[in-house]
Trainee: 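Here it is: the structure, laid out below.
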Amino acid sequence: MMGSEAKIQRYTKEIGENECGTTVSMDYFFLGTAGVQACKDLGAALAKNTTITDLGFRHNQMEHEHLEHILPNLCNHPSLTKLNLEHNQISNPATGKLICDLLTQNANLRTLNIAEAHVSDEAMEQIAAGLAKSGSILELFAHHNQIGDRSATALASALKQNKSLHTLQLERMFRNMDQDGPTISWEGVKAFEAALTGPKKNKSLRNFDISHHDHLDSIGGKHMGAILADPECTIVELHLNSTEMGPEGCAHIAHALRLNTSLTTLHMDWNLAGPQAGAEFANALLENTSLAHVSLMSNKMEDVGAGAFANMLRHNRTLGQLSVTDNDITSHGAQSILEGMKENFSVSAISYHSDHAHPIEERISKTIDKFMERNKPMPLAPRAQVGTFWVTPPLGSRLIHGQTVIPELVPAVLWEDWMAAKEQILDSGDKIGTATKLQGFAKICEFFGDSTRKQLLEEEATMLRDGDAYDSDKDTVDAEEHFHGKDGHCCSHAH
């Protein structure tokens, strides 16, 4: 313990003299064990500090008698943007009031982590009061605490006034499921609906997680569905794992997805959806154009759900990752997914296996794996110049003559987008010479490390070269060398 005390004293001195840098981690220093005086000294040092931006106090066993000497000295800190109090003791409402004051007074604080800190409903009500007045806080991580509908109602009320928060993490500890103690139920979700819809709705929240609060039921699904169906919904990432909505609650969410245009990531594992609600999720993805990552593990969707997702795969062009693992899908359902993947060029990761009671034929698994490999996104390439042409990756590849294209930043370059660019090169006909077309193929080729794709492009170029008459001037010779290289192999320059 003497070693820990010496370390605390050294850090305290460096903090007070501004010799600590911008990031200070005092995780596992056991400040609570070190005693009140050590915390008083540290608080006095923090009052003098002007450099820290990121401050960590994880796993310090601090209670109110310790935190009351530290938190007040952070209220007017000129540079602090991130504070981590994970794994301390914040059950006392008085400690919640200290955090309320910090949120209210510190105009620089962006991220607050109070996860697994034994936060009670009474303390959270105080924290929510500070959240309502904060104009700077962006992220509140409050997962794995002892909170229920009282906390949810207080936080929802705060969201009506707060205009900055974009991440709210309230996931319940998984091991506390099916046990007595506070949990957010459909009543808490109803409170969030009131805050996130209507004329005075919150429009800042982007990431929301209330997983493992296992009393949402179908009514909670209805209220969450109303949030997602709102035309001005801003939620981008939503986690609702293990909330036990059941088939009816899941159906409400699925219906809302037909209307939602903001959500890109949805996790709804372990919700007892069943085959029909599973099929409704798949059908919703026929209309939804924003979701890129969907996880519906362990929802008892069976082969009926697999068949519906197979049909969705034939038509959806925005989904990139799909997990339907542990849904009692057999080889029959997996074969349906295989057929859907034949016509899908966006999904690069799909999981569908169940337990050993439902083994999938190796032939089917390997074929699906090949389709996933084919669909893997290419490295981001904002644009590639082809002579006077600009080939621009998604959304919607374009080949534009004589002007510079500034594309929107997008997450990946898809094979089908480059194929669209290739078709535009071919369709240009006599407007450009074969030499320029070959240069176009060469540029597209450079974006692929996959030998199969290079081979396909090289074959296209060979057909183009053999099928067109063109001048044997220097530009043409240079174009061929650029595509094949002087040794006759396809080039693969790194970007």
Trainee: Tell me, with the steps shown, if Y352 and F309 meet ring pair (Phe, Tyr, Trp, His ring centres under 6.0 Å).
Mentor: CA-CA 11 Å; Y352 51 89; F309 277 100; over 10 Å; no

Trainee: For E139, is there an ion pair with R110 - N to carboxylate O distance below 4.0 angstrom?
Mentor: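 Salt bridge: no.
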
Trainee: Counting N and O atoms only, with roles assigned by atom type, does the side chain of D328 sit under 3.5 Å from a partner on the main chain of E302, one being a donor and the other an acceptor?
Mentor: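 Looks like no, no N/O pair under 3.5 Å.
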
Trainee: NZ of K201: more than 12 outside heavy atoms within 6.0 angstrom?
Mentor: yes

Trainee: State whether the side chain of H252 and the backbone N or O of G221 hold a donor-acceptor pair below 3.5 Å, judged by distance alone.
Mentor: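 Here the side-chain-to-backbone pair does not exist.
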
Trainee: Could you tell me the separation between the CG atom of L46 and the CD1 atom of I52, rounded to the nearest 0.5 Å?
Mentor: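 Those atoms lie 5.5 Å apart.
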
Trainee: Does one side chain, of H239 or E237, offer a donor that lies under 3.5 Å from an acceptor on the other?
Mentor: yes

Trainee: Is the shortest side-chain N to carboxylate O distance from K376 to E373 below 4.0 Å?
Mentor: yes

Trainee: State whether a side-chain donor-acceptor pair under 3.5 Å links H144 with E116.
Mentor: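 Yes, because at least one side-chain N or O of H144 sits under 3.5 Å from a partner of the opposite role on E116.
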
Trainee: To the nearest 0.5 Å, what is the distance between OG (S346) and CG (L322)?
Mentor: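 Rounded to the nearest 0.5 Å, the OG-CG separation comes out at 10.0 Å.
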
Trainee: Examine distances only and state if a side-chain atom of N49 and a backbone atom of I15 form a donor-acceptor pair shorter than 3.5 Å.
Mentor: yes

Trainee: Do other residues, nucleotides or ligands put more than 12 heavy atoms under 6.0 Å from K163 NZ?
Mentor: yes

Trainee: Classify the side-chain pair T183/H213 by whether it contains a donor and acceptor separated by less than 3.5 Å.
Mentor: yes

Trainee: Can you establish whether the number of heavy atoms outside H255 located under 6.0 Å from its atom NE2 is more than 12?
Mentor: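 At most 12 heavy atoms, drawn from other residues, nucleotides or ligands, come within 6.0 Å of this atom.
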
Trainee: Between M124 and L155, does the side chain to side chain contact (heavy atoms under 4.5 Å, CB included) criterion hold? Intermediate values first, please.
Mentor: CA-CA 8 Å; M124 185 61 80; L155 289 166; 4.1 Å; yes

Trainee: Answer yes or no: is there a donor N or O on one side and an acceptor on the other, between the side chain of T234 and the main chain of L205, under 3.5 Å?
Mentor: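 Flag set: sc T234 to bb L205 pair under 3.5 Å.
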
Trainee: Hey, are the side chains of V36 and H69 touching, using non-hydrogen atoms and a 4.5 Å cut-off?
Mentor: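 They are in side-chain contact.
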
Trainee: Under the criterion side chain to side chain contact (heavy atoms under 4.5 Å, CB included), I'd like the reasoning laid out for D209 against L168: C-alpha separation, chi angles, the key distance, then a yes or no.
Mentor: CA-CA 7 Å; D209 188 342; L168 182 57; over 6 Å; no

Trainee: Using a 4.5 Å cut-off on heavy atoms from C-beta on, say whether the side chain of L259 contacts that of L228.
Mentor: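 No. Closest side-chain heavy atoms not under 4.5 Å.
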
Trainee: Roughly how far apart are C75 SG and D101 CG, rounded to 0.5 Å?
Mentor: 5.5 Å

Trainee: Heavy-atom count around Q276 CD within 6.0 Å, excluding the residue itself: above 12?
Mentor: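 No, the 6.0 Å shell around CD holds no more than 12 heavy atoms from other groups.
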
Trainee: With the side chain counted from C-beta on, respond yes when L112 and L131 share a heavy-atom pair under 4.5 Å apart, and no when they do not.
Mentor: no

Trainee: Taking ring-ring contact (aromatic ring centres under 6.0 Å, His included) as the test, write out the residues that go with H87, two or more places apart.
Mentor: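 H87 satisfies ring-ring contact (aromatic ring centres under 6.0 Å, His included) with H59 once adjacent residues are dropped.
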
Trainee: May I ask you to check whether S295 and D269 show a side-chain donor-acceptor distance below 3.5 Å?
Mentor: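 Note: S295 and D269 side chains meet the donor-acceptor criterion.
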
Trainee: Any donor and acceptor pair, going by atom type alone, linking the side chain of T81 with main-chain N or O of T53 inside 3.5 Å?
Mentor: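 Judged by distance alone, yes, a pair lies under 3.5 Å.
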
Trainee: Just grab all the salt bridge (Lys or Arg N to Asp or Glu O under 4.0 Å) pairs involving residues 149-161, residues at least two apart or on different chains.
Mentor: E122-R150, E125-R150

Trainee: Determine whether the side chains of T23 and D54 contain a donor N or O and an acceptor N or O closer than 3.5 Å.
Mentor: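 No, no side-chain donor-acceptor contact under 3.5 Å.
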
Trainee: Between F29 and F57 (judged by ring centroids, cut-off 6.0 Å), do the two rings come close enough to count as a pair?
Mentor: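 No - the distance between ring centres of F29 and F57 does not fall below the 6.0 Å cut-off.
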
Trainee: Of all heavy-atom pairs between Y28 and N60, which one has the smallest distance, and what is that distance?
Mentor: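 For Y28 and N60, the tightest heavy-atom pair comes out as N-ND2, 4.1 Å.
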
Trainee: For D41 and T12, indicate whether the former's side chain and the latter's backbone hold a donor-acceptor pair under 3.5 Å.
Mentor: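 Answer holds: no.
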
Trainee: Strictly by side chain to side chain donor-acceptor pair (under 3.5 Å), give each pair with a member in residues 280-289 just once, sequence neighbours left out.
Mentor: R258-E287, N288-S290

Trainee: What heavy-atom pair brings M372 and S348 nearest, and what distance separates the two atoms?
Mentor: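 Heavy atoms only, the tightest pair is CB-O, 3.5 Å.
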
Trainee: Would you tell me whether T243 and N271 have side-chain atoms, one donor and one acceptor, within less than 3.5 Å of each other?
Mentor: yes

Trainee: Would you confirm whether N88, through its side chain, and M62, through its main-chain N or O, come within 3.5 Å as a donor-acceptor pair?
Mentor: yes

Trainee: I would like to know whether M301 and V324 meet side chain to side chain contact (heavy atoms under 4.5 Å, CB included); could you show each step before the answer?
Mentor: CA-CA 8 Å; M301 294 190 292; V324 287; 3.5 Å; yes

Trainee: With side chains defined as the heavy atoms from C-beta onward, is the minimum distance between L85 and L67 less than 4.5 Å?
Mentor: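 Yes; the side chains approach each other to less than 4.5 Å.
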
Trainee: Got a donor-acceptor contact below 3.5 angstrom from the N299 side chain to the A273 backbone?
Mentor: yes

Trainee: Give a yes-or-no answer on whether the side chains of S120 and S91 include a donor-acceptor pair shorter than 3.5 Å.
Mentor: no

Trainee: Rounded to the nearest 0.5 Å, what's the gap from CG on L313 to CG on L319? Could you check?
Mentor: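 Separation between the atoms: 7.5 Å.
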
Trainee: Check the pair Q146, H118 against side chain to side chain contact (heavy atoms under 4.5 Å, CB included), reporting the backbone distance first and the verdict last.
Mentor: CA-CA 6 Å; Q146 301 168 2; H118 304 275; 3.7 Å; yes

Trainee: Would a distance-only check, ignoring hydrogens and angles, find a side-chain to backbone donor-acceptor pair under 3.5 Å from S204 to L165?
Mentor: yes

Trainee: Looking at every non-hydrogen atom in both residues, tell me the closest pair between L240 and M268 and how far apart they are.
Mentor: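 Taking every non-hydrogen atom into account, CB-CG, 4.0 Å.
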
Trainee: Quick one: closest heavy-atom pair of P247 and A277, and the distance?
Mentor: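 P247 and A277 have their closest heavy atoms at O-CB, 3.7 Å.
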
Trainee: Could you tell me whether the side chain of N73 and the main chain of G43 form a donor-acceptor pair under 3.5 Å?
Mentor: yes

Trainee: Side chains of N108 and H77: do they bring a donor and an acceptor to under 3.5 Å?
Mentor: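 Side chains of N108 and H77: no pair found under 3.5 Å.
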
Trainee: Please report the closest heavy-atom contact between A117 and N145, naming both atoms and the distance.
Mentor: N-OD1, 2.9 Å

Trainee: Quick one: CD1 on I337 to CG on N344, what's the gap to the nearest 0.5 Å?
Mentor: 11.5 Å

Trainee: With no hydrogens and no angle check, do the side chains of S151 and D121 hold a donor and an acceptor under 3.5 Å apart?
Mentor: yes

Trainee: Give, for atom SG of C39 and atom CD1 of I70, the distance between the pair rounded to the nearest 0.5 Å.
Mentor: 4.5 Å

Trainee: L263 and L238: which non-hydrogen atoms are nearest, and at how many Å?
Mentor: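 L263 and L238 have their closest heavy atoms at CD1-CB, 3.9 Å.
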
